[in-house]
Novice: 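First the structure, then my questions, so here it is.
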Amino acid sequence: MTDQPVSVHKVGRCMLNNWAEERAAAALDTEETRIQIQRQGHKGILTLAQDSTMETVTTHRAVFIPPKDPGVRKRGIRSELLEKHIALMISEKFRAEKNLPQPKTDFSSTTQRDFCADGFVPPTPEPTEDYDYKSDEAITFWSENRHQIQGVTAVNNLQAPFRKSAKFSTPISERLDEPEPLPDD
């Protein structure tokens, strides 16, 4: 290097081990701002010809030669024709499967399909007894099996066994005046 006055390098701080590189690039930093240097780098370090373009041929491309065709048939004509024929048959089969007509859509529900038979008329059963559904007690599992239920208070009315009963909370002195309940049949 020639004796050049070392200019003060204001672009960035110099790391301890990079002082030689910073001195070499110090003369190049005078005309450009810090932002330009960070974006484009120092000009003139790698090459002095600024207008030159990069090489397009890499060493791999320069050395590697693609294999060439030997110029003779590798397969026979019959084999190629057979392969083309099989490919044509398979493609026609797929096209035929793909272009099937759409089946007619059945919009009937499960009830219509499975439970509604043509010509079926459900019979209405004849009532076995006359009863008033508004006032009569409903017949349930518990009313049929009231004799087997544990923990039920005494029944006042046999026609309505599950109605309110005050016998549990009525004192014995007041209950002695009541007549005995009828036995259940």
Side-chain angles (χ1 to χ4, degrees), residues 34-36 38-41 53-185:
R34 179 179 180 203
I35 296 170
Q36 289 174 339
Q38 288 177 346
R39 285 186 187 160
Q40 300 165 356
T53 57
M54 290 184 63
E55 292 285 335
T56 57
V57 179
T58 62
T59 54
H60 177 72
R61 285 186 184 166
V63 174
F64 178 74
I65 301 169
K68 295 182 179 176
D69 192 27
V72 289
R73 276 188 168 273
K74 296 178 187 173
R75 297 177 55 199
I77 296 173
R78 185 173 181 185
S79 173
E80 287 181 7
L81 290 175
L82 181 63
E83 183 180 338
K84 287 180 183 177
H85 178 67
I86 291 173
L88 183 65
M89 285 176 35
I90 291 172
S91 65
E92 286 176 1
K93 182 179 176 183
F94 279 134
R95 265 192 233 110
E97 288 176 2
K98 192 175 181 182
N99 296 332
L100 286 176
Q102 291 292 330
K104 186 178 177 184
T105 307
D106 184 20
F107 292 107
S108 61
S109 67
T110 306
T111 304
Q112 291 170 337
R113 228 178 303 124
D114 299 338
F115 299 107
C116 296
D118 293 335
F120 175 74
V121 178
T124 54
E126 295 295 324
T128 55
E129 298 178 17
D130 277 341
Y131 64 93
D132 184 15
Y133 69 91
K134 294 179 181 175
S135 61
D136 288 352
E137 189 72 25
I139 298 173
T140 63
F141 171 81
W142 298 110
S143 66
E144 299 254 329
N145 298 306
R146 66 178 179 262
H147 304 293
Q148 300 168 355
I149 302 172
Q150 297 177 359
V152 177
T153 58
V155 176
N156 286 341
N157 184 0
L158 293 178
Q159 305 327 3
F162 295 110
R163 297 237 170 131
K164 290 182 182 178
S165 173
K167 283 191 174 183
F168 183 75
S169 60
T170 307
I172 295 175
S173 61
E174 294 177 17
R175 281 184 30 192
L176 292 176
D177 298 338
E178 296 178 4
E180 285 294 320
L182 297 174
D184 291 336
D185 289 334

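Predicted model only: the values in this text are computed from it and were never measured.
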Novice: Taking all non-hydrogen atoms of both residues into account, name the closest pair between Gln112 and Ser108 and its distance.
Specialist: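 Looking at all heavy atoms of both residues, the closest pair is OE1-CA, 3.0 Å.
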Novice: Is the CD1 atom of Ile139 crowded by more than 12 outside heavy atoms at less than 6.0 Å?
Specialist: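 At most 12 heavy atoms, drawn from other residues, nucleotides or ligands, come within 6.0 Å of this atom.
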Novice: Does a sphere of radius 6.0 Å around CD1 in Ile65 hold more than 12 heavy atoms from other residues, nucleotides or ligands, not counting ones at 6.0 Å or beyond?
Specialist: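 No, CD1 of Ile65 has 12 or fewer neighbouring heavy atoms, counting only those of other groups under 6.0 Å.
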Novice: Please say whether more than 12 non-hydrogen atoms of neighbouring residues, nucleotides or ligands are located less than 6.0 Å from CD in Glu55.
Specialist: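 Atom CD in Glu55 is not packed in, count stays at 12 or less.
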Novice: To the nearest 0.5 angstrom, please state how far the OG1 atom of Thr56 sits from the CZ atom of Arg61.
Specialist: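 It comes to 7.5 Å.
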Novice: Atom CD1 in Ile77, atom CZ in Arg75: separation rounded to 0.5 Å?
Specialist: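 Rounded to the nearest 0.5 Å, the CD1-CZ separation comes to 12.0 Å.
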Novice: Mind checking whether Glu92 and Arg95 have side chains closer than 4.5 Å, heavy atoms only?
Specialist: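 Side chain of Glu92 against side chain of Arg95, heavy atoms only: contact under 4.5 Å found.
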Novice: CZ/Arg146 to CZ/Phe141 distance, rounded to the nearest 0.5 angstrom?
Specialist: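 Arg146 atom CZ to Phe141 atom CZ measures 13.5 Å (nearest 0.5 Å).
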Novice: Hey, could you give me the CD/OG1 distance between Glu126 and Thr128, rounded to the nearest 0.5 Å?
Specialist: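 The OG1 atom of Thr128 is 10.5 Å from CD of Glu126, to the nearest 0.5 Å.
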Novice: Take atom CG in Asp118; do more than 12 heavy atoms of anything else shown fall under 6.0 Å from it?
Specialist: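 Count not over threshold, so no.
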Novice: Around atom CG of Asp130, are there more than 12 heavy atoms of other residues, nucleotides or ligands at under 6.0 Å?
Specialist: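 No - once you tally the heavy atoms of other residues, nucleotides and ligands closer than 6.0 Å, there are 12 at most.
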Novice: When rounded to the nearest 0.5 angstrom, what distance separates CD1 in Ile90 from NE2 in His85?
Specialist: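 Answer rounded to 0.5 Å: 10.0 Å.
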